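To start, the structure under review is shown below, and the notes come after it.
These values consider heavy atoms only, across backbone and side chains, with no hydrogens, waters or symmetry-generated copies. Each chain gets a letter, A, B and so on, in the order its sequence line appears, and its residues count up from 1. For clarity, every value in this text was computed on a predicted model and none was experimentally measured.
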There are 2 protein chains.
Amino acid sequence: MGVSLKDVAQRAGVSIKTVSNVVNNYQHVTPKMRAKVQQAIDELGYRPNLTARHLRKGRTGIIALAVPEFGNPYFAELAGAVVDAAARHDYTVLVDHTAGLREKELLVSQGFRSHVIDGLILSPIHLETEDLMAREETAPLVLLGEREYEAPYDHIAIDNVAAARTAVRHLLDQGHRRIAFLGSRTGRERQPAHLRLRGWREELAAAGITPDEALVVVTDGYGREDGAAAMAALLDRGERPDAVFAYNDLIAVGAMRTLTERGLDIPADVAVVGFDDIEEGRYGTTTLTTISPDKEAIARLAVDSLVERLSGKPVPEPRRARPGYRLVVRESTGPRRTGT
Amino acid sequence: MGVSLKDVAQRAGVSIKTVSNVVNNYQHVTPKMRAKVQQAIDELGYRPNLTARHLRKGRTGIIALAVPEFGNPYFAELAGAVVDAAARHDYTVLVDHTAGLREKELLVSQGFRSHVIDGLILSPIHLETEDLMAREETAPLVLLGEREYEAPYDHIAIDNVAAARTAVRHLLDQGHRRIAFLGSRTGRERQPAHLRLRGWREELAAAGITPDEALVVVTDGYGREDGAAAMAALLDRGERPDAVFAYNDLIAVGAMRTLTERGLDIPADVAVVGFDDIEEGRYGTTTLTTISPDKEAIARLAVDSLVERLSGKPVPEPRRARPGYRLVVRESTGPRRTGT
DNA sequence: GTGAAAGCGCTAACAT
DNA sequence: ATGTTAGCGCTTTCAC
């Protein structure tokens, strides 16, 4: 197949070790020697075999990122940021998706393909603390996202409760009182959308409003269609909120579609706030007010944490990093802007 | 570190080869032996080291997919399909993005990290035939997308000219005559958006309309903001098309945003057709008519081609596969306003 | 400063 | 049907 160290050594008339030294930029090589070897390398078009190197060193230079769905732009955008962050540490990213299936999440966390990857960044939806505690795989794992765990792993997530409260606060400030929450999901044990729902409850309560559970809509998933269906279900059962806080932007987009179909004006009749700040929300007929997590920071923190553990340095405590976020106000809650 | 074949062999009191036989499902192993070995495997939690296997067999079971941007939902959705298609062949996908940079495309095609991957699926924007001809890397390469090459590589792409003509035909059928094209890009040598633009020209000509080059707008990129800017530029220079055919859905979405801001109604004032059928287009206030390439087919054909070449079977000719597509008519197109 | 040789975990001949 | 051994390409002692 390819050109090996041995071939280069033969060509240059030196030992393998010397070539290796040159390739790895070892300090103590005479310039003359280095030049000779480099010439042989160039002539033969030698490139180191990473597989062999990895076998020898026990690491692959690949980290895995597992997210629920690429179809969700939030994760797509996040994946891009992770790839870039990893590249800065000379790591390659292997991207996987779990389809939001607990089975798949388990498989991935248990070390599916573990010999190919040095570490894993996982954004779980259904995984429970027990699953994590039962994990036998030794490759470092960094968790991403809203779920909270009592397991000893690094966890990178914005303060979801506070962020949700910020969103609801904004709605309250605009004078809205009947604020619905779209995208609750009843998991077997806990609710994945737990924290954002809690933020909704807390902020309403803080404003002296009793959270109306009739305004909480459970969805099957976190996509546009789920948002559209949820909004339709809410309206169909006779509830007419004056504002909607959606679990994420996709649900918000779906909800807006339903509102438009029903002839309701956004934000005059119903204001909408999303979560994620996907680019899509900046371009609709009505642009979307949303919570914007700092995706670059999330990606960077996740990769940095992983790389640090990979470096072998003893990292004492599982760390909980809290990247920033901000409320981005757009047309779906503000004064509507039309060309007329 | 991990548990090796040797450890299992020792534990089970057999030779390494026997364990290897069990792991690889070799036929001639007595059930008794198999059970004994399997038990040792389970007890020790043995999992084969893929790196070592690769070093030995010369393949990794990993293929790379390089697309311009994850931020473009078309590629994100496609990536998901590729991951699934690859999984059916027991291949893992390593996803990379080129940021639409020629440098990065070159790097990837030249075998960046090539020792880790068995083959590559690349969706180039700027790469030229010469670049491909100069490629020294031997790992199989499958090309995706609109660009056409004279290089000896498999190429999977829908018939872009025909698809574009279908889109323009649709607009013509609705009575539109001043049809703009958004998203042309002047590459140094060829135009990436060449084929779709050609479809636009051909179909107009076939309808007896002289293509008005003043209605062709060059963009910097292929994103929403580029579409918004292109539409604004067109209107600002006094051109008022009655329909727009966008290079892709993102540009279409951006264009629609600008139209809305200018108080123009879609489709009454200006009809819009996109290309890609990203899910986003199905949920806007005005849903988007678009060309829908069969992404599953594209992914499947690409992976199948690659896997076939990887299998070692002599595949005679570079194949040009033409997956299907269809026109999906939604709200952004309608009959031309007859009033005024 | 450079060379020789062992070994990472696995598979594929070859032996038994 | 099962065991023995060489070697994939590299890094890493340990000599020299």
Atom-pair distance (CZ on A/Arg34; C1' on C/dT2), nearest Å: 13 Å
Under the salt bridge (Lys or Arg N to Asp or Glu O under 4.0 Å) definition, can you give me all pairs with a residue in residues 27-41 of chain A, not counting sequence neighbours? none
Using only side-chain N and O atoms of A/Thr30, determine if any of them is under 4.0 Å from OP1 or OP2 of C/dT2. yes
Length of the line joining A/His28:NE2 and D/dT12:P, which is rounded to integer Å: 15 Å
All N/O donor-acceptor pairs, side-chain side in residues 71-78 of chain A, below 3.5 Å, sequence neighbours left out:
unit_1  : atom_1 : unit_2   : atom_2 : d
A/Asn72 : OD1    : A/Tyr74  : N      : 2.9
A/Glu77 : OE1    : A/Lys295 : NZ     : 3.4
A/Glu77 : OE2    : A/Glu279 : N      : 3.2

Would you say a side-chain N or O of B/Thr18 is under 4.0 Å from OP1 or OP2 of D/dT2? no
Whole-Å gap separating C1' (D/dT11) and OH (A/Tyr26): 13 Å
Between the main-chain N or O of A/His126 and the side-chain N or O of A/Glu105, is there a donor-acceptor pair closer than 3.5 Å? yes
Taking CG from A/Leu55 and C1' from D/dT12, how many angstroms apart are they, rounded to a whole number? 14 Å
Tell me, for nucleotides 10-16 of chain C in 5' to 3' order, what letter each nucleotide earns: B for a base near a protein heavy atom under 4.0 Å, S for only sugar-phosphate near one, - for neither? BBSB---
Residue pairs fulfilling salt bridge (Lys or Arg N to Asp or Glu O under 4.0 Å) with at least one residue in residues 59-73 of chain A, sequence neighbours excluded: A/Arg59-A/Asp118
Angle by which the axis turns from one end of the helix from C/dG1-D/dC16 to C/dT16-D/dA1 to the other, five pairs per end, to 10 degrees: 40°
List the residues meeting side chain to side chain contact (heavy atoms under 4.5 Å, CB included) with A/Asp131, not counting sequence neighbours, and say none if there are none. A/Arg102, A/Leu106, A/Leu127, A/Glu128
How long is the span from the OH atom in A/Tyr222 to the CD1 atom in A/Ile125, to the nearest 0.5 Å? 6.0 Å
Which residues pass the side chain to side chain contact (heavy atoms under 4.5 Å, CB included) test with A/Val307, not counting sequence neighbours? A/His89, A/Tyr91, A/Val303
Starting at CG of A/Leu44 and ending at C1' of D/dG9, how long is that distance when rounded to a whole Å? 15 Å
Just jot down the salt bridge (Lys or Arg N to Asp or Glu O under 4.0 Å) partners of A/Arg11, sequence neighbours excluded, or say none. A/Glu43
Separation of atom CG in A/Asp7 from atom C1' in D/dG9, rounded to whole Å: 10 Å
Starting at CD of A/Gln10 and ending at P of C/dG3, how long is that distance when rounded to a whole Å? 13 Å
Could you work out, with side chain to side chain contact (heavy atoms under 4.5 Å, CB included) as the rule, every residue matching A/Leu301, not counting sequence neighbours? A/Ile156, A/Ala321, A/Pro323
